[in-house]
Amino acid sequence: MPVVSVITPAYNSERFIADAIRSVQAQTYPDWEMVVVDDASSDETPNIARSFAEQDTRIRFIRLENNQGAGAARQTALDEAKGRYIAFLDADDVWKPQKLERQLAFMNEHRQPFTFSFYEWMEEDGRPTGKTITAPAPLSYQQLFFCNFVGNLTGIYDTHYFGKIPFSTIRKRQDWMIWLTVLKRIRSASPVPESLAFYRLRNDSISSSKVGMLRYNFAVYRQFHRLNLVTAAGCMALFLFTQLLVKPRFTKRSN
């Protein structure tokens, strides 16, 4: 049985998905499986992913007939996952080769059932921006409540401790809800203090629009936390304050 299950939703990512899959195949830690779920792409994404699955038995490919959003795709992959640890990599992002090895060693050394790491931004064409995204150490539930400091491509949790944590079907911010669920239980966690992945800045993604993301953040406060309208509005104000004045302090430019 694989130790790590890598959850990868994919939608119209024909330009990037091969790089994502190869970055998992290049891991120095060999005991993994990758579950790729295509969310009814209209391009060559399913054919590319299927070809990898046919050549590597550690990769499983599932195609959804109708587009349901990343949350549903991730849930489908989670349902099929067989590993003890659940890790995440979107189809347009890339891991560094020692990502799993370093992170699992950190979790074992510090006896943490959940951790994450720093990561770097890269341009859509793969060119590095020179910017590394760090995080508070340790990261508390209260800090996460007002800002998602956890890069989804870096998070790993232990199902022996948490079980399988289900995904919301909301189109965005399902990852934030997962980490909030985790930290609500363990209260805080420390990141691996090094960059272990590259996040691709795509021009056509929903998350590229900061204004468009606000409604998803508001939905988290209203639907996930079940806050009333006034309280949710106050949380949004603090969220914006954190985004504008606090989070930028955790972005570093490489020399």
Side-chain angles (χ1 to χ4, degrees), residues 4-27 32-53 56 58-64 67-78 81 86-97 99-100 103 116-133 148-156 167 170-179 195-210 212-213 216 251:
V4 182
S5 291
V6 184
I7 304 301
T8 301
Y11 177 70
N12 286 354
S13 300
E14 63 181 4
R15 293 181 294 160
F16 314 118
I17 192 168
D19 289 341
I21 294 174
R22 290 190 186 108
S23 77
V24 177
Q25 290 178 314
Q27 290 300 297
W32 55 264
E33 68 170 355
M34 186 177 194
V35 187
V36 181
V37 177
D38 179 74
D39 193 21
S41 294
S42 58
D43 65 1
E44 289 298 307
T45 299
N47 293 331
I48 295 169
R50 188 180 291 111
S51 68
F52 276 97
D56 190 335
R58 297 172 297 178
I59 301 169
R60 284 187 285 156
F61 173 73
I62 301 168
R63 178 170 169 79
L64 301 180
N67 181 267
Q68 301 176 48
R74 286 174 175 144
Q75 184 63 51
T76 299
L78 182 66
I86 303 297
F88 303 88
L89 179 65
D90 286 351
D92 45 7
D93 297 329
V94 172
W95 282 351
K96 293 185 178 181
K99 197 266 187 188
L100 290 180
Q103 202 157 357
F116 56 106
S117 77
F118 302 164
Y119 62 98
E120 296 167 53
W121 281 345
M122 64 179 177
E123 301 288 359
E124 188 170 70
D125 61 6
R127 290 180 295 113
T129 65
K131 291 184 178 179
T132 298
I133 311 303
N148 185 12
F149 285 100
V150 179
N152 186 57
L153 69 167
T154 73
I156 296 180
F167 284 94
I170 188 174
R171 284 275 172 173
K172 287 287 179 180
R173 294 309 201 195
Q174 324 95 26
D175 57 325
W176 188 19
M177 297 182 200
I178 294 293
W179 314 136
S195 170
L196 295 176
F198 289 97
Y199 175 85
R200 194 184 303 270
L201 301 171
R202 288 183 60 177
N203 297 326
D204 60 349
S205 68
I206 295 178
S207 59
S208 66
S209 171
K210 299 300 182 183
M213 285 298 290
Y216 293 102
T251 301

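Please read these numbers as outputs of a predicted model, since none were measured by experiment.
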Atom [atom1] of [X] and atom [atom2] of [Y]: how far apart are they, to the nearest 0.5 Å?
X: L64; Y: D38; atom1: CG; atom2: CG; answer: 7.0 Å
X: F16; Y: I21; atom1: CZ; atom2: CD1; answer: 14.0 Å
X: I7; Y: R74; atom1: CD1; atom2: CZ; answer: 10.0 Å
X: T154; Y: D93; atom1: OG1; atom2: CG; answer: 10.5 Å
X: N47; Y: S41; atom1: CG; atom2: OG; answer: 10.0 Å
X: W121; Y: T251; atom1: CH2; atom2: OG1; answer: 5.0 Å

Under 4.5 Å between any side-chain heavy atoms of [X] and [Y], yes or no?
X: D175; Y: F88; value: no
X: M177; Y: F167; value: no
X: I178; Y: V150; value: no
X: N152; Y: W179; value: yes
X: V24; Y: R58; value: no
X: Q25; Y: M34; value: no
X: T129; Y: E123; value: yes

* **Single hit among T45, D90, N67 for side chain to side chain contact (heavy atoms under 4.5 Å, CB included) with Y11** =>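 With Y11 as partner, side chain to side chain contact (heavy atoms under 4.5 Å, CB included) holds for just one option, N67.
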Look at the side chain of [X] and the backbone N and O of [Y], then say whether any donor-acceptor pair between them is shorter than 3.5 Å.
X: Q27; Y: K96; result: yes
X: W95; Y: L153; result: yes
X: D39; Y: Q68; result: yes
X: E44; Y: E14; result: no
X: T8; Y: L89; result: yes

To check you understand the geometry: which heavy-atom pair defines the closest contact between [X] and [Y], and what is its length?
X: A10; Y: A91; answer: CB-CB, 3.8 Å
X: R63; Y: P46; answer: NH1-CG, 3.4 Å
X: A49; Y: F61; answer: CB-CD1, 3.5 Å
X: S5; Y: E33; answer: OG-OE2, 2.5 Å
X: A81; Y: R60; answer: CA-NH2, 4.1 Å
X: D43; Y: S13; answer: OD2-N, 3.4 Å

* Asked: Does the pair I133 and Y199 meet the rule for a side-chain contact (heavy atoms from CB on, under 4.5 Å), with working shown?
  -> CA-CA 10 Å; I133 311 303; Y199 175 85; over 6 Å; no
* Asked: Side chains of T132 and E120: donor-acceptor distance under 3.5 Å anywhere?
  ->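 T132 vs E120: no donor-acceptor pair found between side chains.
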